[in-house]
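The structure appears below as structure tokens.
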Amino acid sequence: MILRHLGVIADGNRRWAKERGLNALEGHKKGLEAIEALIGAAARHGIPFISFYVFSTENWGRSEAEVSNIMKLAASQIVRLAKKMAENNARLLILGSKEKVDPKLMSLMEEAEALTAKCTGITACFCFNYGGEQEIADAARKVIDAGEEITPETIRSHLYRPEVPDVDMVVRTSGEERISGFMLWRAAYAELLFLEKYFPDMTEADLEGIIAEYEKRNRRFGK
């Protein structure tokens, strides 16, 4: 089987930092480094799509200081990352709700997407201010607004970035064994894999292990 879309629930940044006597922001910075490395590794291994769950709609409930730091980190790094990705023919997409996101940050995200829009290599999706239930609700609302009948096909056509295919495998780091609303529609028949290590420690060797594990699976899609 060919792994076409890998979903990653990037968990454990804060615990990684805490165990090293660092603040949470340092963990998120290290997590971003891991994301960059994994995008490059996935491209080298021929994976067309990779998605990262980086900030959920529930994460607004974290401390004001941590949320503020995450938003500042995103604002300072998203365009830089997009430029680096464009140099490597990689496309960047943001999946999530615009609600609550500062307009200046949203503008930077749109700029980042535009910088990589013509890239034809790997597509890296960042699920930011994302919730699986919210995505489906937003899609259903768009179907109604368009005067269409609500069917699985019409809902799928109105998901965030409908050109992004279903997820083949969802990997969650840090030892937690739940999907926390990640791509509920696209991951309906995804294979699941839970890793003990924290996300900042992820390497290309881990990706190779994920690919090998996926190739062992027998996907039946309910048949």
Side-chain angles (χ1 to χ4, degrees), residues 1-17 19-20 26-56 77-78 80-95 116 119-128 130 132 161 163-184 186-221:
M1 294 190 300
I2 298 174
L3 180 56
R4 293 191 63 245
H5 187 183
L6 174 64
V8 181
I9 302 175
D11 195 20
N13 292 348
R14 294 187 297 175
R15 279 169 284 172
W16 180 92
E19 289 185 4
R20 289 160 176 76
E26 295 305 313
H28 294 308
K29 288 179 179 178
K30 189 68 174 178
L32 179 58
E33 291 179 13
I35 284 175
E36 293 188 43
L38 285 174
I39 292 172
R44 286 190 291 275
H45 286 277
I47 298 175
F49 290 85
I50 186 168
S51 295
F52 298 94
Y53 201 5
V54 294
F55 190 84
S56 76
Q77 297 298 314
I78 189 66
R80 178 200 63 79
L81 176 59
K83 289 178 179 178
K84 179 179 178 180
M85 289 176 62
E87 291 174 357
N88 292 285
N89 196 33
R91 184 171 63 146
L92 182 154
L93 293 179
I94 305 294
L95 278 67
T116 67
C119 295
T120 58
I122 188 172
T123 295
C125 303
F126 289 80
C127 294
F128 188 90
Y130 176 91
R161 295 294 184 173
E163 70 269 26
V164 175
D166 285 347
V167 181
D168 294 317
M169 174 170 271
V170 174
V171 175
R172 182 171 188 148
T173 55
S174 85
E176 304 291 345
E177 298 186 357
R178 55 183 180 273
I179 62 172
S180 300
F182 177 65
M183 289 198 167
L184 294 179
R186 290 184 176 91
Y189 281 97
E191 297 295 310
L192 304 179
L193 180 63
F194 302 104
L195 302 179
E196 290 294 328
K197 65 166 46 181
Y198 297 136
F199 182 70
D201 289 327
M202 290 287 287
T203 66
E204 185 164 355
D206 293 306
L207 178 64
E208 291 169 353
I210 290 166
I211 294 170
E213 176 60 29
Y214 178 75
E215 290 174 347
K216 295 177 185 177
R217 303 288 180 98
N218 179 22
R219 302 186 73 192
R220 295 189 294 274
F221 299 94

Check residues 187-195 and write down every donor-acceptor pair under 3.5 Å in which the side-chain atom is one partner and the other belongs to a residue at least two apart or another chain.
| from | atom 1 | to | atom 2 | distance (Å) |
| --- | --- | --- | --- | --- |
| E191 | OE1 | R217 | NH1 | 2.9 |

Quiz item: If you measure from the Lys or Arg side-chain nitrogens to the Asp or Glu carboxylate oxygens, is any gap between K30 and E33 under 4.0 Å?
Solution: yes
Practice problem: Kindly indicate whether the side chain of R14, heavy atoms from C-beta on, has any atom under 4.5 Å from the side chain of H28. | Solution: yes
Quiz item: Can you check whether L93 reaches E163 side chain to side chain, under 4.5 Å on heavy atoms?
Solution: yes
Self-check item: Any F49 side-chain heavy atom under 4.5 Å of R91 side chain
Solution: yes
Quiz prompt | Y198 side chain reached by S174 side chain, heavy atoms, under 4.5 Å | solution = yes
Quiz prompt | Crowding at NZ, K83 (>12 non-hydrogen neighbours, <6.0 Å) | solution = no
Self-check item: pair L81-F126: side-chain heavy atoms closer than 4.5 Å
Solution: yes
Quiz prompt | Flag side-chain contact, heavy atom, 4.5 Å: R4 against P165 | solution = yes
Quiz item: Is any side-chain heavy atom of R44 less than 4.5 Å from a side-chain heavy atom of L207?
Solution: no
Quiz item: If you measure only the distance, is there a donor-acceptor pair under 3.5 Å linking the side chains of R186 and S51?
Solution: no
Quiz item: Step by step, would you call H5 with M183 a side-chain contact (heavy atoms from CB on, under 4.5 Å)?
Solution: CA-CA 12 Å; H5 187 183; M183 289 198 167; 4.1 Å; yes
Exercise. Please name all residues satisfying ring pair (Phe, Tyr, Trp, His ring centres under 6.0 Å) with F182, sequence neighbours left out, ordered by chain then number.
Key: Y53
Quiz item: Got a donor-acceptor contact below 3.5 angstrom from the N89 side chain to the T120 backbone?
Solution: yes
